[in-house]
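Count residues from 1 along the sequence.
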Amino acid sequence: MNNSRRDFLKVGAVASAAVVGSGSVSGVLAKEFATRTKKIPSASHFGAFYAHVRDGKIVDISSQLDSDANPTVMVKSLADRNSSNSRVKYPVVRKSYLEGKGRGDLRGKEEFVRVSWDTAIDLVAKAIKKAQANGGNQALYNASYGGWAHPGAFKPNALAGRFFNIIGGAVRTSGEYSNGAAGQVNPSIVGDMEVYSIQTAHEQIIKNTKVMILWGADLYKTNRAGYSVPNHRCYDAYEEYKKAGIKVISIDPIYTMSAQEFKADWIKIRPGSDVAMMLAMMNYLYKSKKYDKAFIDKYTYGFDKFLPYLLGKTDGVEKTPQWAEKLTEVPAKTIKQLADIMVSNRTFIAGNWALQRAHHGEQVDWCIITLASMIGQVGLPGGGFGFSMHYEGGGDASSGKATVGGMSQGGGDNVKIAIPASRMSDLINKPGQTVTYKGKEIVYPKVEFMLSAGGSPIGHQPDVNELIKALRTLDTLVVVEPWWTPTAKMADIVLPATTTMERDDIASGMSYSNDRIYAMKQIVKPRYESKDDYEIFTLLAEKFGKAKRYSRDRSVKEWLERLYKRSYAKREMGISFEEFWEKGVIKYEIPEDAKNFVRHEAFRKDPIANPLKTETGKIQIYSDKFASFGYKDFKGHPMWFEPAEWLGNKKLVKKYPLHLVSPHPTYRIHSQLDNTWVQNVHKVQGREPIRINPNDAKKFNIRDGEIVEVYNDRGSLLAGVVITNTIREGVVAIEEGAWYSPEDNQKDITRCNSGQVNVLTSSRPTSQMAQATTANTVLVSIRKAGTVTPNLAYQPPKIIGA
């Protein structure tokens, strides 16, 4: 895309209005301009919007202000992404693969060949049947999961799963990357995953909360995007938080966007030591007799079994504030003061998800729940804990009405093998190995065929170099994708999918408020030879004689009408699909009583009538089930386990003196939008920024704005320096999601030119329990970058016949 086009997209509707209203354009021409421009409604992970289309081209994006209270700049970049030079234009096959030579070792290193759709689909079907013949359906790996590629009903991961299920199934994913640790243990502790549960309403926090603890949570930043369609009304609520005078305390190695907005007190905790601090607060509350013994006795189970550990009677180490001070570098006095503040005021603890993406991450939420139980405010208005205030507008009151669902993956899966989300490399590299998972065992099968649709594993999976080595051992790797993502460049066969703007769909907003249904109308025709995921998988199903079973002979529009019929809008409001589609959005009213919602209030009022879905119906401070697993690194009650990599490891720190954290992106969802102009807002010389404290910058003799190499034993990357006082000394931050770009793709291990942080992260699992990611347990060092070549992350590969 040329610069003039990019500049036009940036200025958007303001510039358009200025042109139309200027004296240099006649009234007749202005009317013609407006007449030729269509305004088409749609929705995205960044908010609901209108696309302004003239002569088949998107000339502007504007937010649906009635549905999006506080739009983000990210919406403006959607048109740029649609017409990006990084689009996959045609079906292609890697040259050696097409020639029948295989040569998986050349994945990511050689050119592709343009082929017809018929040839590409035939090759994919042939590869699947070959794998089935060699190892059955467990030789197939469906790496499509999560659903973050598209907010509508036709999510690529669901469509891929539907296809594999009708041919007998495939190895799939259990759990997720976002909450791989907490999601596996919280249901047994408090009867619910909690990380996706409806939160105490903002109105109750505004009225009742005196102290809010942001324990790693960054509400302002991470609520900018959503799994469904965000409304961004939470930002209006945050303004009310400020007016209410809520005291906000941020416990985080970074003085986050939210900490700055709330003017929060900052506790600069050492990364990886949060559990030690929580245990010390519990020890202090118990020994000072300030904890709520009545709550513990009535609503929890196993405190008596946990107490000996807290007091050091089982391991000889009492978990005092003085003990925690050495681990956390937070003064013992501060730890006690914080506990006093929390127990003497109506306090809400806003947990996050990043803390559990660390070695022994299972312990974090368990400790927050236990600490909140000792404070005794769980189930009270404005008190207790929440693990989703930073996600999807957590705290929004719910309409309580049905919106629309998505395409079902259907039945037929006979494989019954699901691996934890972060174990992709292990699955491929270690066939036959037995691993533990949630008290059971999984035996990795030998995988030959892998398909990824609507996601880029070389982006969210840890230890990129390890993953690339694994991918090169597969027989076949297929990617279904609109763009030349890092994973697409590693594939044997790439099938070009349409974008959100090139298809019809339907979406809901939001996960909690459930108060909107959006028509996602096709805005422009599919570019080049791209096809909808639905059509692609129907074509594949046809090769197995299953096309009718896959599609049920329904078009996309017919499926959308069917899904819409189940909604409150159709059943109770009597709004036809045709009327909805013409209007573009349907709004539900939020009942006033929904604004009174308090999480766990019913349990608190009557724990007998409203028990939790746990072993005892109470909060499990101790779990007999967990204890029975017999794991070395996960026991029957919350504990402190020293991380493998952290600033407390004096030996390792001599080699790698900086702790690296990888927060959620400010201007992306993971890797989405990294190939658009909006990244120019924060990139440094075209690379992902690395935030560093001024004192550390002096130690390493680096300057603001220069490119440096960040490295450890697993790999290295280039990043642009941002020197800031908003990060504690000894810690650096690189946001996750930059597109991987090897400097020399002929080597097995190369330096990433773009700043993809997972080049540095470890594939070490959290524990034997959840086998989740430990992406925030990383030590690194920094040095001068030396010679820097252009970053080619967003350039398509060479294609013969294109």
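- The aromatic ring centroids of Tyr631 and Phe626 lie 6.0 Å or more from each other.
- His460 meets the side chain to side chain donor-acceptor pair (under 3.5 Å) test with no other residue; sequence neighbours excluded.
- In this structure, Trp484 has its ring center no closer than 6.0 Å to that of Tyr794.
- A side-chain donor from one of Glu362 and Ser767 sits under 3.5 Å from a side-chain acceptor of the other.
- Checked by atom type, the side-chain pair Glu176/Tyr196 shows a donor-acceptor distance below 3.5 Å.
- With a 6.0 Å cutoff to the six-membered ring centre and a 45° limit on the axis angle, Arg423 does not count as a cation-pi contact of Tyr444.
- Remark: the backbone N or O of Ala182 is paired with a side-chain donor or acceptor of Gln356 at under 3.5 angstrom.
- Side-chain atoms of Glu688 do not come within 3.5 Å of backbone N or O of Ala719 as any donor-acceptor pair.
- Remark: the backbone N or O of Ile249 is not paired with any side-chain donor or acceptor of Asp265 at under 3.5 angstrom.
- Every pair tested for ring-ring contact (aromatic ring centres under 6.0 Å, His included) that includes a residue from residues 771-792 fails, sequence neighbours excluded, so the list is empty.
- The side chain to side chain donor-acceptor pair (under 3.5 Å) check on Trp646 picks up Glu642, with sequence neighbours excluded.
- No hydrogens or angles considered: a donor-acceptor pair under 3.5 Å links the side chains of Thr666 and Glu735.
- Nearest heavy atoms, Thr787 versus Glu743: O-OE2, 4.4 Å.
- Residues satisfying the side-chain contact (heavy atoms from CB on, under 4.5 Å) criterion with Pro694, sequence neighbours excluded, are Ile723, Asn725.
- With salt bridges taken as basic N to acidic carboxylate O contacts below 4.0 Å, none links Lys489 and Glu481.
- Put simply, the side chain of Ser388 gets close to the backbone of Val195: a donor and an acceptor are under 3.5 Å apart.
- Residues Glu441 and Thr434 have side chains that never bring a donor and an acceptor to within less than 3.5 angstrom of each other.
- Salt bridge status for Arg728 with Glu329: present, with a side-chain N to carboxylate O gap under 4.0 Å.
- Separation of the His664 and His670 ring centroids falls under the 6.0 Å cut-off.
- Between the Asp696 side chain and the Ile692 main chain, no donor and acceptor come within less than 3.5 Å of each other.
- Using a 4.0 Å cut-off between charged nitrogen and carboxylate oxygen, Arg472 and Asp105 do not count as a salt-bridge pair.
- Residues that satisfy the side-chain contact (heavy atoms from CB on, under 4.5 Å) test with Ala354, not counting sequence neighbours, are Asn352, Arg357, Asn776.
- Side-chain atoms of Asn753 and Tyr740 form no donor-acceptor pair, as typed in the model, at a separation below 3.5 Å.
- Between Tyr711 and Tyr656, the ring planes lie perpendicular to each other; the angle is over 60°, past the 30° to 60° tilted range.
- Counting only N and O atoms by type, the side chains of Ser456 and Thr487 include a donor and acceptor under 3.5 Å apart.
- Judged as a side chain to side chain donor-acceptor pair (under 3.5 Å), and not counting sequence neighbours, the contacts of Thr724 are Thr726.
- The closest side-chain heavy-atom distance from Asn758 to Ile458 is not below 4.5 Å.
- Distance alone, capped at 3.5 Å, places no donor-acceptor pair between the Arg751 side chain and the Ser716 backbone.
- Side-chain contact, Asn675 with Ser86: a donor N or O sits under 3.5 Å from an acceptor N or O.
- Using the six-membered ring where Trp is involved, Tyr255 and Trp266 have ring planes that are tilted, between 30° and 60° apart.
- Side-chain atoms of Asn283 come within 3.5 Å of backbone atoms of Leu310 as a donor-acceptor pair (strictly under, hydrogens ignored).
- Trp215 has its ring centre no less than 6.0 Å from the ring centre of Phe387.
- Donor-acceptor pairing under 3.5 Å is recorded for the side chains of Asn695 and Glu729.
- No option in Phe641, Phe629, Tyr437, Trp366 other than Trp366 meets the ring-ring contact (aromatic ring centres under 6.0 Å, His included) test with Phe634.
- Heavy-atom minimum distance, Thr173 versus Gly175: CG2-O, 4.0 Å.
- By the 4.0 Å N-to-carboxylate-O rule, Lys784 lies close enough to Glu706 to be salt-bridged with it.
- Ion pairing of Glu645 with Arg764 is present here, as a side-chain N (NZ or NE/NH1/NH2) and a carboxylate O approach within less than 4.0 Å.
- Using a 4.0 Å cut-off between charged nitrogen and carboxylate oxygen, Lys109 and Asp744 do not count as a salt-bridge pair.
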